[in-house]
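Have a look at the structure below, then the notes.
From a predicted model like this one, the values you see are computed outputs, not experimental measurements.
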Amino acid sequence: MARAAPEPPRDKTTPLTPPAAAPVRPSRLTRLRDSDLWHSFHAHPSAIFAAVLLALVALTAFLAPWITPQNPYDLAALELWNSEIPPIWEADGQWPYLLGTDTQGRDILSAVLYGSRISLIIGFASVMLALAVGLALGLVAGYFGGWIDNVIMRAGDVLLSMPFILIAILITAIASASLPTGLKEVLAAPILIFAIAVPSWVQYARTVRASAMVEAKKEYVQAAKLIRVKSWRVMLHHILPNCLTPILVAATLNFGLAILSEATLSFLGVGMPPDQPSLGTLIRIGNQYLFSGLWWIVVFPSIQLCLIVLSVNMIGDWLRDALNPKLR
């Protein structure tokens, strides 16, 4: 039986080199911490203040069932003998009604926090709905062009030719007239979301269409078409990521406008019902007693609404400057 050839003698002076370790991919949190956007946020005091303020408002709004002394939506829990109590720092103020009560005995602090939750949910949901519709229609219009582009953009022009608030009032009025009374109150929030989103998608569609028309002519998109990549994959994986920067800024700024739109509709009486008050509904109710000495019923919901919209707008302004390559 043949012997195996002996191994050559190993040089003992040369140490063994271990295999190179595979590079460790940084986590998303690490990449975010090292990004230019995070450094820009740290260097922008107004953005930090606005983010902390918005986080505090949102946190207290969604923790309202645990930190408020009363559920303002439970009409059976309201006590009329506790009505029209002034804030706690005035002579007739009572604990635990820190910001006073309204004419029905509803705690103003509880109503403001519960109303903020409704306003934030409706504003966020309407922006997401308008964003989804606008992104889809804008991508289709910019990628295919032709008669599809003309139909989508002419529909957007029709919506832009009418006042925003008039379209929203028309949609809520049609829904209120066609639905029974009980179902109308149950679907009040979805109707508001739809009414605010319908005239809002046009801005997103126009922005995405302009970016998609530019990206569709570039070589990487033409190469994807040559190898017969499906159109929806080209739009989602190649064109859409290059259109997100202006869309993110527009969505942030429109979030504040959506909250104001909900408050306007509720103030006009076509929004949330009085037994499920949002900030706009509370302002409408309190406005009736403004000149009768019950100033706190309208002042505190108005301050809360201003704080929410102000913080959102400040974040949107910072985001617009941080994502603008000309300002880097």
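Here the CG-CD1 distance, from L253 to I315, works out to 10.5 Å after rounding to the nearest 0.5 Å. Residue S46 holds its OG atom at 4.5 Å from CE of M314, rounded to the nearest 0.5 Å. Distance CG/D102 to CD1/I108: 4.5 Å, rounded to 0.5 Å. Here N313 contributes atom CG and R320 contributes atom CZ; the two are 9.5 Å apart, rounded to the nearest 0.5 Å. The CG atom of L260 sits 11.0 Å away from the CG atom of L265 when rounded to the nearest 0.5 Å. Atom CG in L279 sits 14.5 Å away from atom OH in Y114 (nearest 0.5 Å).
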- request: Go through S266 and R284 one step at a time and tell me if the side-chain contact (heavy atoms from CB on, under 4.5 Å) criterion holds.
  value: CA-CA 7 Å; S266 298; R284 175 175 62 84; 5.9 Å; no
field: Pair W201-L135, side-chain contact (heavy atoms from CB on, under 4.5 Å): steps then yes or no
entry: CA-CA 8 Å; W201 66 265; L135 284 177; over 6 Å; no
task: Could you give me the CA-CA distance, side-chain angles and deciding distance for V249 and W318, then say whether side-chain contact (heavy atoms from CB on, under 4.5 Å) is met?
output: CA-CA 9 Å; V249 176; W318 159 76; over 6 Å; no
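Between L170 and L166 the shortest side-chain heavy-atom distance does not fall below 4.5 Å. Residues N254 and L257 meet the side-chain proximity criterion, which asks for heavy atoms closer than 4.5 Å. Between L54 and L307 the shortest side-chain heavy-atom distance does not fall below 4.5 Å. With a 4.5 Å cut-off on side-chain heavy atoms, I308 and S116 count as touching. At least one side-chain heavy atom of L294 sits less than 4.5 Å from a side-chain heavy atom of W296. V298 has its side chain out of reach of L282: every pair of non-hydrogen atoms, C-beta onward, lies at least 4.5 Å apart. Between F267 and N287, some side-chain heavy-atom pair lies under the 4.5 Å cut-off. Contact check for I152 versus F144: no side-chain heavy atoms found under the 4.5 Å cut-off.
Ring centroids of F300 and W295 are separated by less than 6.0 Å, placing the two rings close together.
One hydrophobic cluster, built from ILVMFWY side chains closer than 4.5 Å, cannot hold both M213 and V140; they sit in different ones. By the rule that hydrophobic residues join a cluster once side-chain heavy atoms approach within less than 4.5 Å of another member, L310 and V299 end up as members of one cluster. Cluster membership for Y204 and L160, using ILVMFWY side-chain heavy atoms within less than 4.5 angstrom, is shared. No continuous path of ILVMFWY side-chain contacts below 4.5 Å connects I174 to M162, so the two sit in separate hydrophobic clusters. In this structure, V57 is a member of the same hydrophobic cluster as F62, with clusters built from ILVMFWY side-chain heavy atoms closer than 4.5 Å.
Around the CZ atom of F194, the shell of radius 6.0 Å holds no more than 12 heavy atoms that belong to other residues, nucleotides or ligands. Other residues, nucleotides and ligands place no more than 12 heavy atoms under 6.0 Å from the CZ atom of F49. At most 12 non-hydrogen atoms from other residues, nucleotides or ligands lie less than 6.0 angstrom from CH2 of W147.
The residues D149 and R154 are annotated as not salt-bridged, no charged nitrogen and carboxylate oxygen being separated by less than 4.0 angstrom.
For the pair V309 and G256, the tightest heavy-atom approach, listed with the atom from each and the gap, is CG2-O, 4.0 Å. Across every non-hydrogen atom of R106 and A111, the tightest pair is CD-CB, 3.6 Å. Closest non-hydrogen pair, P199 versus A195, comes out as CD-O, 3.1 Å. Minimum heavy-atom separation, S110 to P69: OG-CD, 3.4 Å. The nearest pair of heavy atoms linking A141 to M153 is CB-CE, 4.5 Å. In terms of heavy atoms, L120 sits closest to A58 at CD1-CA, 3.9 Å.
A donor-acceptor contact shorter than 3.5 Å links the side chain of T172 to the backbone of I169. Of the possible donor and acceptor atoms, one in the side chain of T281 sits under 3.5 Å from a partner among the backbone N and O of M272. Side chain of Q70 to backbone of D107: a donor-acceptor contact under 3.5 angstrom is found.
A side chain to side chain contact (heavy atoms under 4.5 Å, CB included) with L99 is found for exactly one of I85, L109, I297, namely L109.
In this structure, a donor-acceptor pair under 3.5 Å is absent between the side chains of T207 and Q203.
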